[in-house]
Amino acid sequence: QVQLVESGGGLVQPGGSLRLSCAASRSSVSFNTAGWYRQAPGKQRELIATITGGGSTNYQDSVKGRFTISRDNTKRTMFLQMNSLKPEDTAVYYCKLFPNFWGQGTQVTVSS
């Protein structure tokens with residue numbers, strides 16, 4: 001079993017930045033494809049960014065150019081740098097390590 005521990009959420013003003021982290025408990029999954037999802041109140045969970053073990057990335061159009069996904073395989077940690085945050089980015093953010101390992105979720109609230 002793999003445990004994922006997220007950190008870095010919080011309250012930020014529109015236009016601000018946050019950096020989320022997701023640490024895995026086992027090094028054997030360091031090269032699995034991973035991703036960040038988010039779920040806003042009353043909406044379905046959606047995939048917003050993915051990164052392969054080799055570092056190739058892909059983004060949902062709504063976050064492209066503002067969010068950056070990255071990973072440090074030596075530290076078994078994945079990151080989501082979020083810049084130019086908007087109120088519509090408010091959601092619970094989840095990290096996922098494929099095939100099906102999930103973090104506990106961290107709340108991001110963008111509000112003035």
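Count residues from 1 along the sequence. Computed from a prediction, not measured in an experiment: that's the story for all the values here. Keep in mind that the numbers below use all heavy atoms, side chains included, and drop hydrogens, waters and symmetry copies.
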Considering only NZ, NE, NH1 and NH2 on the basic side and carboxylate oxygens on the acidic side, decide whether Lys64 and Asp61 come within less than 4.0 Å.
->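 Looking at Lys64 and Asp61, the cut-off is met.
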Do Asn58 and Thr50 have side-chain N/O donor and acceptor atoms under 3.5 Å apart?
->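 No.
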From [X] atom [atom1] to [Y] atom [atom2], the distance as rounded to the nearest 0.5 Å:
X     : Y      : atom1 : atom2 : answer
Glu88 : Thr90  : CD    : OG1   : 8.5 Å
Tyr59 : Phe67  : OH    : CZ    : 10.5 Å
Leu97 : Asn32  : CG    : CG    : 4.5 Å
Cys22 : Tyr93  : SG    : OH    : 15.0 Å
Leu20 : Thr106 : CG    : OG1   : 6.0 Å
Asn73 : Met78  : CG    : CE    : 11.0 Å

Residue pair [X] / [Y]: nearest heavy atoms and the distance that separates them:
X     : Y      : result
Gln81 : Asn83  : NE2-OD1, 2.9 Å
Pro14 : Ser111 : CD-C, 3.6 Å
Ser17 : Ser84  : OG-N, 4.4 Å
Leu47 : Gln60  : O-NE2, 3.5 Å
Gly9  : Val108 : CA-CG2, 4.2 Å

Tell me whether [X] shares a hydrophobic cluster with [Y], the cluster being built from Ile, Leu, Val, Met, Phe, Trp, Tyr side chains joined at under 4.5 Å.
X     : Y      : value
Val63 : Val12  : yes
Tyr37 : Ile69  : no
Phe79 : Phe101 : no
Leu18 : Trp36  : yes

Would you say [X]'s side chain and [Y]'s backbone share a donor-acceptor pair under 3.5 angstrom?
X     : Y      : value
Glu6  : Gly105 : yes
Arg71 : Thr52  : yes
Arg66 : Ser62  : yes
Thr77 : Lys75  : yes
Arg38 : Ala91  : no

Hey, mind stepping through Ile48 and Leu80 against side-chain contact (heavy atoms from CB on, under 4.5 Å) and telling me if it holds?
-> CA-CA 10 Å; Ile48 59 171; Leu80 185 68; 3.9 Å; yes
More than 12 non-hydrogen atoms from neighbouring residues, nucleotides or ligands closer than 6.0 Å to CD on Gln3, yes or no?
->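 Atom CD in Gln3 is not crowded, with 12 or fewer foreign heavy atoms closer than 6.0 Å.
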Inspect the surroundings of CD in Gln44 and state if more than 12 heavy atoms from other residues, nucleotides or ligands are less than 6.0 Å away.
->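 No - once you tally the heavy atoms of other residues, nucleotides and ligands closer than 6.0 Å, there are 12 at most.
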Geometric cation-pi criterion Lys96 and Tyr94, 6.0 Å radius, 45° cone |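 So Lys96 doesn't make the cation-pi contact.
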